[in-house]
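Notes for the one structure printed next.
This one's a predicted model, so the numbers in the text were calculated from it and none came from an experiment. Just so you know, ligand 1 is whichever comes first in the structure, and atom 1 is the first atom listed for that ligand. If you read the sequence from its start, that first residue is 1, and numbering goes on from there.
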Amino acid sequence: MKCSDLGEFGLIRRFAPRFALAADDPRYGIGDDCAVLPLSTDRVQLVTTDLLLEDRHFVRRWIAPHELGHKALAVNLSDIAAMGGTPTAAFCSLGLPGDIEVAWIDSFFEGVEELAKTTGCPLLGGDTTKARDGLVINFAVLGEAEANRVKYRSGAQVGDILAVTGYLGDSAGGLRLLQGGHPTSGPAETPLLTAHHRPQPQLAAGHCLAVRSAVHAMLDVSDGVESDVRHLMDRSRVGACIELTRLPYSPALQAVSNAHQWALETLALTGGEDYVLLCTIQADAFDEVARALAQETGTTLHPIGTITDTDQLVYTRDGQPATLSGHGFDHFR
Ligand code: ADP
Ligand code: MG
């Protein structure tokens with residue numbers, strides 16, 4: 001059997017049980033956006049790590065080095081945001097091909113520095129080594145949160161409203177422009193390319209949502225909503241229904257999609273790398289949470305569906321059952 005037969009998530013499910021913690025262990029291991037370790041009676045440490053490989057996660061000639069530095073750190077900060085935490089430290093390990101220009105590295109770390117400063121997450125270490133071919137970039141980020149405010153993927157409850165904290169599909173649209181050789185930076189294209197190259201981790205929104213008890217579960221959208229909702233369903237043992245007409249699209253994505261005849265729903269649900277937050281909220285508290293989120297952080301909460309008591313993910317369009325082709329990102333498929 002090959003890894004591709006199991007897929008990324010099948011593989012994780014295969015080895016993770018070896019490392020399962022005892023039911024009374026205060027640590028939280030494999031399976032959420034971050035691992036969670038106790039720091040004191042009321043504080044926890046969050047830990048997350050992400051690996052970016054050249055020609056797998058990025059193409060060097062398509063992304064400026066400072067953008068790649070930003071993105072490599074941002075995707076980890078997004079996992080801290082997804083738990084409702086505050087980042088405290090970053091570690092960066094690099095595998096560098098010998099031919100890489102020093103100016104490229106300077107610019108890469110400028111991008112890291114800028115985001116590290118604005119998020120209060122200094123770089124405190126890492127490792128540097130020569131790679132045979134292709135850049136290898138790994139960040140690990142630590143964060144902290146109040147112990148009883150951390151939001152897990154496992155907290156979703158039947159009847160909750162499923163919501164996202166931003167537009168879907170912009171990053172996937174940017175990637176399509178790059179892949180199609182249309183990176184013309186017009187007023188419509190620029191926001192898509194920016195979404196793809198410089199995702200903004202939603203730390204303030206994550207914190208605002210995490211402190212509210214009506215928010216039951218949270219994760220960030222990295223693989224694509226369809227795949228990430230399935231992670232939520234797996235961990236919470238619930239089903240979900242997504243109303244396709246509620247998926248939020250940016251004006252830029254609508255304009256570019258019209259021009260290129262892209263299927264917006266597929267892009268939004270399976271594209272991935274949105275790095276918005278996906279959460280489930282007690283239905284009767286939704287309006288109040290949305291109002292607080294808008295007031296405190298300027299972030300719009302878009303309801304896209306509900307949590308159900310089945311084990312299925314179903315789609316509706318204007319309330320009628322609908323089907324969708326395509327799946328979220330899985331590294332081995
Ligand atoms: P995210 O997209 O939030 O970074 P992933 O989907 O990459 O999360 O991973 C799912 C879970 O599996 C996470 O808890 C992650 O820490 C864990 N995981 C993934 N790969 C490994 C690995 N090689 N060893 C241990 N844990 C892993
Ligand atoms: Mg995540």
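- Within 6.0 Å of atom CD in Glu288, 12 or fewer heavy atoms from other residues, nucleotides or ligands are found, so the atom counts as exposed in its surroundings.
- For Tyr167 and Gln254, the side-chain atoms include no donor-acceptor pair closer than 3.5 Å.
- Note: His231 and Phe9 have perpendicular aromatic rings, judged against thresholds of 30 and 60 degrees for the angle between ring planes.
- Judged by distance alone, the side chains of Thr316 and Glu243 do bring a donor and an acceptor atom under 3.5 Å apart.
- Closest N/O/S atom of Asp220 to the Mg ion (ligand 2): OD1.
- A salt bridge does not link Arg230 to Asp223: none of the charged side-chain nitrogens sits closer than 4.0 Å to a carboxylate oxygen.
- A donor-acceptor contact under 3.5 angstrom links the side chains of Asn138 and Thr49, judged on distance only.
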Give one line per pair: atom of ligand 1, protein atom, distance. Only N/O to N/O under 3.5 Å.
from	atom 1	to	atom 2	distance (Å)
ligand 1	2 (O)	Ser222	OG	3.2
ligand 1	3 (O)	Asp33	OD1	3.1
ligand 1	3 (O)	Asp79	OD1	3.0
ligand 1	3 (O)	Arg153	NH2	3.1
ligand 1	4 (O)	Asp79	OD2	3.2
ligand 1	14 (O)	Gly31	N	2.7
ligand 1	14 (O)	Asp32	N	3.2
ligand 1	14 (O)	Asp32	O	2.7

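- Taking the Mg ion (ligand 2) as reference, Asp33 places its N/O/S atom OD1 nearest.
- The Mg ion (ligand 2) has an N, O or S atom of Asp79 under 2.8 Å away, backbone or side chain.
- Side-chain contact check for His70 versus Gln200: some heavy-atom pair is nearer than 4.5 Å.
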